[in-house]
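Only a predicted model underlies this, so the values are computations on that prediction, with no experimental measurement involved. Side chains included, hydrogens not; waters and symmetry mates left out as well; all remaining heavy atoms used.
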Amino acid sequence: MNIQQNLSLMEKLAILTDAAKYDVACTSSGVDRKGNGAGMGNSIASGICHTFSADGRCVSLLKILFTNECIFNCAYCQNNCNSDVPRASFTPDEVCELTMEFYRRNYIEGLFLSSGIMISPNYTMDLIYQTLYKLRRVHHFNGYIHVKAIPGADPVLVEKAGFLADRMSINLELPTADSLKKLAPYKSRATILKPMRQIQNSITENKNEVALYRSVPRFVPAGQSTQMIIGATPENDYQIMKVAESLYQKFELKRVFYSAFVNVNQNSDLPMLPGGPPLLREHRLYQADWLLRYYDFTVDELLSENRPDFNIYLDPKCDWALRHLECFPVEINRADYRTLLRVPGIGAKSAQRIVKARRMNRLDFSDLKKIGVVLKRALYFITCSGKMMYHTKLEENYICQNLLADKTQIPKEIRETGYEQISLFDTGMIS
């Protein structure tokens, strides 16, 4: 282990921001909290600053590991105990100083704090708790905090940290227990799911207490999330999405994040990736995840054991519609909300607007365009007052050819190369 001695705070920051870049479970806060007049900062639901890493991931501007030292040897992790990378660790006071100073400079609106496991899960979780306690109680930081709970740590430490954080997450790491056993033999599914269940139960109990006594401190008000690495192990999309669906149903997670595998260690147990990280596959999984959470789809409607992977050329909703043309065309002026959600080109907001607007007048295609419907996709699947937008065929190959001409089916970031990352160390960012 290449432990660096006598590093400055900025040198530690350079190491530990880089070490955190593969942890994608960081997004907008999901919680609103106004400043209380006594402390510094507030938390806005969409308020975490974002940037994009070199491989297309969305990361927060202050996204750090507490330490990249680790006692475990997970094959897929660049910070495992056998990796020859520069090592560094913050102290609780250093994380507080960085958070407060970056906030004062308006560089950030919150903190995402993860960590390797140094000495033991309890030792690391206690340091994280001390950091959160000092931020909230000593420095009176009222901004957003997302923290990683350490599997295997004392439940009391997890509970205490939960009353100081807005969101907590525990990485599932890999989709199945067999894959975890192969690539991360010191971790187990049971050790990961136990604190996940604890956080779920504590959130539920706390909500009931808050309903009775408004002055009760909030426990993880923005909920919990998790992350799975995609492409390091042979699970297909159907298996991955079934795991995600189960997590949403059984653990009430706010988000499941999918991280396209990057082979940083060149380990013989890991697959070679001649085409680079499977970013398009990651993108399709996120689209499908959105359908599960907001569009009332189930995994078994999108995939099956006989058809276990998503179509890389079409988004999952368009792909489903093409395989279920018997459900179309949908009459815009009569279809219920759930049916509208299943039409390609109609999102949750535009479906709500349609239902509201048609109470006053019958809608036509010009109205749908104003509402925000993506007509270049929707026109094959809808009618307005019994008429289609153009004379077209409700035939799979014909519609498929036209949908494939839509370049937005594959994101620009994946179609084009040359990603540009905003860094904390860009010229002029730090004075």
Side-chain angles (χ1 to χ4, degrees), residues 13 16-17 20-21 23-53 57-66 90 92-115 125 127-150 158-171 196 199-200 202-203 206-207 210 216-227 252-257 293 422 424 429:
L13 184 63
L16 294 171
T17 52
K21 66 186 178 183
D23 197 329
V24 300
C26 179
T27 183
S28 57
S29 65
V31 63
D32 286 296
R33 183 177 57 255
K34 294 183 178 180
N36 57 17
M40 176 179 286
N42 55 29
S43 181
I44 305 300
S46 58
I48 299 302
C49 300
H50 293 105
T51 183
F52 286 91
S53 66
R57 290 178 176 79
C58 188
V59 294
S60 171
L61 284 180
L62 186 55
K63 178 184 176 185
I64 55 176
L65 296 187
F66 188 89
F90 287 125
D93 286 332
E94 287 174 332
V95 176
C96 292
E97 179 184 348
L98 284 169
T99 304
M100 300 306 292
E101 291 303 318
F102 275 71
Y103 190 92
R104 288 189 178 101
R105 289 168 170 79
N106 203 31
Y107 295 161
I108 64 166
E109 297 182 52
L111 170 69
F112 177 95
L113 183 62
S114 186
S115 185
M125 193 70 219
L127 286 172
I128 290 173
Y129 165 70
Q130 290 179 41
T131 303
L132 269 58
Y133 182 86
K134 288 186 175 184
L135 270 173
R136 294 299 198 201
R137 302 290 184 257
V138 178
H139 298 277
H140 306 291
F141 180 68
N142 200 42
Y144 172 75
I145 296 177
H146 179 165
V147 68
K148 286 297 179 73
I150 305 298
V158 175
E159 185 85 0
K160 289 164 69 175
F163 280 106
L164 299 171
D166 293 295
R167 175 167 288 181
M168 296 187 81
S169 55
I170 302 168
N171 285 353
M196 195 179 287
I199 293 170
Q200 178 198 15
S202 295
I203 290 172
N206 181 250
K207 284 181 179 178
V210 170
V216 171
R218 298 291 301 277
F219 182 87
V220 194
Q224 66 171 321
S225 58
T226 194
Q227 172 183 326
E252 301 176 277
L253 265 62
K254 289 293 184 181
R255 285 291 301 271
V256 175
F257 291 85
R293 291 189 293 132
I422 300 174
L424 289 171
M429 283 290 287

Working for side-chain contact (heavy atoms from CB on, under 4.5 Å), residues Ile64 and Leu111: CA-CA 8 Å; Ile64 55 176; Leu111 170 69; 4.1 Å; yes
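- Contact record, Leu62 with Gly110: CB-O, 4.0 Å, taken as the closest heavy-atom pair.
- The main-chain N or O of Met196 is found under 3.5 Å from a side-chain atom of Gln224 such that the two form a donor-acceptor pair.
- From Asp93, atom CG reaches atom CG of Leu98 across 11.0 Å, with rounding to the nearest 0.5 Å.
- Between Ile145 and Leu164, the closest heavy-atom pair is CD1-O, 4.3 Å.
- Looking at Arg255, its side chain never comes within 3.5 Å of a backbone N or O of Thr226 through a donor-acceptor pair.
- Residue Phe112 holds its CZ atom at 10.5 Å from CZ of Arg167, rounded to the nearest 0.5 Å.
- The shortest non-hydrogen separation linking Ala161 to Met125 is CB-CE, 3.7 Å.
- Judged as a side chain to side chain contact (heavy atoms under 4.5 Å, CB included), and not counting sequence neighbours, the contacts of Val216 are Asn206, Glu209, Val210, Tyr213.
- In plain terms, the two heavy atoms of Ala149 and Val158 that are nearest each other are CB-CG1, 4.4 Å.
- Rounded to the nearest 0.5 angstrom, Leu132 CG and Leu127 CG are separated by 12.0 Å.
- Side-chain atoms of Asp166 never come within 3.5 Å of backbone atoms of His146 as a donor-acceptor pair (strictly under, hydrogens ignored).
- In this view, Glu159 and Phe163, Gln198, Ser202, Phe219 satisfy the side chain to side chain contact (heavy atoms under 4.5 Å, CB included) rule, not counting sequence neighbours.
- For Lys207, the side chain to side chain contact (heavy atoms under 4.5 Å, CB included) criterion is met by Ile203, not counting sequence neighbours.
- The side-chain heavy atoms of Phe257 and Asn171, taken from C-beta on, include no pair separated by under 4.5 Å.
- In this structure, the separation between CG on Leu113 and CZ on Phe66 is 7.5 Å, given to the nearest 0.5 Å.
- Inter-residue side-chain proximity for Leu13 and Glu94 is flagged as unmet; no heavy-atom pair is nearer than 4.5 Å.
- Every residue two or more places apart in sequence or in another chain that forms a salt bridge (charged side-chain N to carboxylate O under 4.0 Å, His left out) with Glu101 is listed here: Arg104, Arg105.
- Taken to the nearest 0.5 Å, the CE atom of Met168 stands 4.5 Å off from the CD1 atom of Ile199.
- Once rounded to the nearest 0.5 Å, the distance linking CG of Leu65 with NZ of Lys148 reads 9.0 Å.
- Scanning for salt bridge (charged side-chain N to carboxylate O under 4.0 Å, His left out) contacts around Arg293 gives Asp289, with sequence neighbours left out.
- Looking at every heavy atom in both residues, Lys134 comes nearest to Cys96 through CB-SG, 3.6 Å.
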